[in-house]
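Structure record follows, encoded as structure tokens.
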Amino acid sequence: MAAAAPPPPPAPVPELSMTLEDTDSRNHPLFSRIRLATPADVPHIHKLIHQMAVFEKLTHLFSATESSLAATLFNSPPFTSFTVLLLEVSPSPFAPLHSPSSSPSPYSPVDRVVYLDLPLDDPDRETFASDETHDVTVAGFVLFFPNYSTFLAKPGFYIEDIFVRECYRRKGFGRMLLSAVAKQAVKMGYGRVEWIVLDWNVNAIKFYEEMGAKVLSEWRICRLTGDALDAYGNANI
């Protein structure tokens with residue numbers, strides 16, 4: 001599906017009288033982390049995809065379930081097939097992640113601190129809590145997988161979804177997620193990263209161009225799905 005981007009910024013509001021402590025953005029740090037998703041994260045991934053479908057006005061196409069995601073997303077090692085990176089945030093520094101096996105993780109988490117002007121209000125914090133203390137919250141994700149360029153004779157990554165929840169937009173998290181995929185592509189010697197964007201999503205288009213991406217307006221998406229695809233099940237080839 002197309003990537004989500006923040007809506008236009010709200011209209012300016014009258015300035016309020018604040019103390020020096022209130023206006024010091026470093027008083028409101030938000031710790032963020034990008035890590036590999038695991039099967040245990042499927043409920044959150046499912047909710048994120050649904051929120052993305054709502055944003056894109058495509059809920060009529062949304063039929064994924066937690067069971068179908070769990071059965072298809074984690075059958076291969078990361079970066080060799082479908083891979084999900086999760087964006088998590090917390091008001092406190094993250095504890096180190098411990099691998100469930102003795103082998104090292106194929107991806108080292110990316111940590112960053114964002115300093116906010118005011119405390120952030122997340123109305124869905126409990127729904128997206130990813131630890132027992134509810135101190136860590138899932139804020140977004142990116143799902144991608146390898147493709148191949150015959151012109152470059154190199155593999156690449158195709159981003160199926162990139163999404164940041166509404167209350168966490170315009171804080172650099174979309175840039176973090178996209179940069180994480182691009183950095184992994186460079187690390188693996190891949191030739192490019194591709195994705196699609198809805199033509200009405202002008203904020204996303206501007207954001208991607210600022211990231212250095214070229215929007216290829218001369219190309220069109222072709223898709224076989226549903227009955228049109230099923231009709232080939234008994235076709236004579």
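Bear in mind that the values here come from a model prediction, so they are computed numbers and not experimental data.
Between V54 and F62, every side-chain heavy-atom pair lies at or beyond the 4.5 Å cut-off. Contact annotation: the side chain of Y190 never approaches that of Q184 to less than 4.5 Å [non-hydrogen atoms, C-beta and beyond].
The CZ atom of R175 sits 5.0 Å away from atom CE of M211, with the distance rounded to the nearest 0.5 Å.
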side-chain contact (heavy atoms from CB on, under 4.5 Å) evaluation trace for L198 with F55: CA-CA 11 Å; L198 290 165; F55 173 83; over 6 Å; no
Could you go step by step and tell me if V193 and W195 meet the side-chain contact (heavy atoms from CB on, under 4.5 Å) rule? CA-CA 7 Å; V193 177; W195 61 96; 3.9 Å; yes
Would F31 and V136 count as a side-chain contact (heavy atoms from CB on, under 4.5 Å) here? Give the steps. CA-CA 9 Å; F31 297 85; V136 178; over 6 Å; no
What do the steps show when you test I49 against F141 for side-chain contact (heavy atoms from CB on, under 4.5 Å), and what is the final call? CA-CA 9 Å; I49 296 172; F141 80 115; 3.8 Å; yes
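Other residues, nucleotides and ligands place more than 12 heavy atoms under 6.0 Å from the CG atom of N75.
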Which pairs would a plain distance check flag for residues 79-91, meaning a side-chain donor or acceptor within less than 3.5 Å of a matching protein atom at least two apart in sequence or in another chain?
unit_1: T80; atom_1: OG1; unit_2: P77; atom_2: O; d: 2.6
unit_1: T83; atom_1: OG1; unit_2: F79; atom_2: N; d: 2.7
unit_1: T83; atom_1: OG1; unit_2: S81; atom_2: O; d: 3.2
unit_1: E88; atom_1: OE1; unit_2: R33; atom_2: NE; d: 3.2
unit_1: E88; atom_1: OE1; unit_2: R33; atom_2: NH2; d: 2.7
unit_1: E88; atom_1: OE1; unit_2: R35; atom_2: NE; d: 3.0
unit_1: E88; atom_1: OE2; unit_2: R35; atom_2: NE; d: 3.1
unit_1: E88; atom_1: OE2; unit_2: R35; atom_2: NH2; d: 2.9
unit_1: E88; atom_1: OE2; unit_2: S130; atom_2: OG; d: 3.0
unit_1: S90; atom_1: OG; unit_2: S92; atom_2: N; d: 3.1
unit_1: S90; atom_1: OG; unit_2: S92; atom_2: O; d: 3.0
unit_1: S90; atom_1: OG; unit_2: D135; atom_2: O; d: 3.1
unit_1: S90; atom_1: OG; unit_2: D135; atom_2: OD2; d: 3.0

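The side-chain tip of K47 points at the ring of F128 from less than 6.0 angstrom away and within 45° of straight on.
If you chain together hydrophobic residues whose side chains sit under 4.5 Å apart, M188 and I34 fall into the same group. The cluster map of Ile, Leu, Val, Met, Phe, Trp and Tyr, joined by side-chain heavy atoms under 4.5 Å apart, puts Y148 and I221 in different clusters.
For F144 and Y158, the ring centers are positioned 6.0 Å apart or more.
Contact check on D122 versus R165 returns a salt bridge, with a Lys/Arg side-chain nitrogen under 4.0 Å from an Asp/Glu carboxylate oxygen.
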